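The model shown is predicted, which means the values in this text are computed figures rather than measured ones.
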Amino acid sequence: MAVPEAVAGLAAMPGVRTAARLGEPSPPGSASPGFLPVTPTLATLLPGRLRRGSAVSIRGSTALALALLAEATREGSWAALAGMPDVGVVAAAELGVDLDRLALVPEPGAEVAAVLSALIDGFDLVVLGAAVARGIPQPLARRLAGRVRNRGAVLLVTGPWPGAELELRVSKRRWRGLTEDGFGHLEVRDVVATSRGRGSAARPLDVALRLPGPGGAATASVVGQPSGPAGRCSV
């Protein structure tokens with residue numbers, strides 16, 4: 001099915017509210033129409049929530065990009081992954097993403113501009129893989145950014161993106177859970193997430209996280225409670 005037809009089909013389903021229909025009255029109990037919610041653990045990295053019409057660059061962690069979808073999809077928003085053929089849906093589910101509200105476009109192909117435009121028109125959140133993002137010329141990137149603003153979507157790019165309002169970086173990754181002799185199951189991964197934006201948010205903000213946490217979803221790092229010897233990992 002062509003992407004525009006797929007988007008039209010989703011928009012016709014009862015209860016689906018896409019970014020293109022942002023001007024319609026919000027149902028009782030829904031989040032503010034100008035923002036999309038994130039889990040409380042990740043809220044300190046953002047101004048509390050994801051602002052509609054914005055682009056966010058995420059470097060060093062696909063898991064963080066998926067974790068940012070969790071709360072929004074659980075509360076009824078729709079998300080799409082484009083140009084990310086290696087992302088596992090099991091990992092997304094463990095991080096809290098509602099798979100019933102997640103669409104996958106592993107290979108946008110030669111019509112990347114049309115595909116991304118359709119996704120931005122029809123979904124609340126669009127996650128763009130780094131390899132595809134690198135191949136997008138700046139004039140097209142500016143047009144897509146304008147479309148994101150006009151449609152009220154949120155664009156998350158797992159790599160650099162011109163004009164991104166916020167940049168998130170993940171560093172100091174350390175897996176925990178191994179025994180002293182190096183055996184056992186990896187349980188959690190300690191990371192440091194750094195947020196830098198514009199204006200008053202220009203000063204970097206560091207947040208210690210466990211990504212994934214003990215149950216899969218992102219949690220705050222627990223200082224002073226190690227879960228076994230640490231092992232470095234660059235994934």
So L168 and L68, side-chain contact (heavy atoms from CB on, under 4.5 Å) or not? Walk me through it.
-> CA-CA 11 Å; L168 306 177; L68 288 170; 3.9 Å; yes

For side-chain contact (heavy atoms from CB on, under 4.5 Å), just list the numbers for V89 and L104, CA-CA rounded to whole Å, side-chain angles, deciding distance to a tenth of an Å, and then say yes or no.
-> CA-CA 9 Å; V89 293; L104 305 176; 3.7 Å; yes

Taking the side chain as C-beta and beyond, is there a heavy-atom pair between V191 and S61 under 4.5 Å?
-> no

What closest approach, in Å, do A133 and V157 show between heavy atoms, and which atom pair accounts for it?
-> CB-CG1, 3.6 Å

Between atom CZ of R149 and atom CD of E165, what is the distance when rounded to the nearest 0.5 Å?
-> 8.0 Å

Side-chain heavy atoms under 4.5 angstrom apart, residues restricted to Ile, Leu, Val, Met, Phe, Trp, Tyr: same cluster for L166 and V192?
-> no

CD-CD distance between E71 and E75, expressed to the nearest 0.5 angstrom = 4.5 Å

Give the C-alpha distance, both sets of side-chain angles, the deciding distance and a yes or no for side-chain contact (heavy atoms from CB on, under 4.5 Å) between I136 and W161.
-> CA-CA 10 Å; I136 294 178; W161 185 256; 4.1 Å; yes

Distance, nearest 0.5 Å, that separates CG of L128 from CG of L81 = 10.5 Å

Reported CD-to-CZ distance for the pair E167 and R59, which is rounded to 0.5 angstrom | 4.5 Å

Could you check if a side-chain atom of L205 sits within less than 4.5 angstrom of a side-chain atom of R196, using non-hydrogen atoms only?
-> no

Candidate list P212, P214, S221, test side chain to side chain contact (heavy atoms under 4.5 Å, CB included), partner V188, passing option | P214

The reported gap from CG in L36 to CG in L46 (rounded to nearest 0.5 angstrom) is 11.0 Å

Provide the closest heavy-atom pair for S57 versus P160 in the form atom of the first, atom of the second, distance.
-> OG-CA, 3.7 Å

Which of L69, L211, T62 passes side chain to side chain contact (heavy atoms under 4.5 Å, CB included) with L95? It is L211

Search all heavy atoms of T219 against all heavy atoms of G213 and return the closest pair with its distance.
-> OG1-CA, 3.9 Å

So which heavy atom on T73 is nearest to which on G96, and how close?
-> OG1-O, 4.4 Å

Test: D98 and R74 ion pair at under 4.0 Å | no

Answer yes or no: is there a donor N or O on one side and an acceptor on the other, between the side chain of T39 and the main chain of A67, under 3.5 Å?
-> no

For the pair L102 and L99, evaluate side-chain contact (heavy atoms from CB on, under 4.5 Å) and give the outcome as yes or no after the intermediate values.
-> CA-CA 5 Å; L102 182 67; L99 299 186; 4.0 Å; yes

In Å and rounded to the nearest 0.5 Å, what is the CG to OG1 distance from D206 to T194?
-> 3.5 Å

Answer yes or no: is there an ion pair linking D124 with R52, defined by an N-O contact shorter than 4.0 Å?
-> yes

Is the closest basic N to carboxylate O distance between R210 and D190 below 4.0 Å?
-> yes

Looking at P106 and P85, what are the two nearest heavy atoms and their distance?
-> O-CD, 3.6 Å

For R101 and G76, work out which heavy atoms get closest and say how close.
-> NH1-O, 2.9 Å

Heavy-atom side-chain contact between L125 and S77 under 4.5 Å | yes

So do T158 and V127 actually touch side chain to side chain, heavy atoms under 4.5 Å?
-> yes

Side-chain contact test, heavy atoms from C-beta onward, threshold under 4.5 Å: evaluate it for L116 versus V105 and give yes or no.
-> no

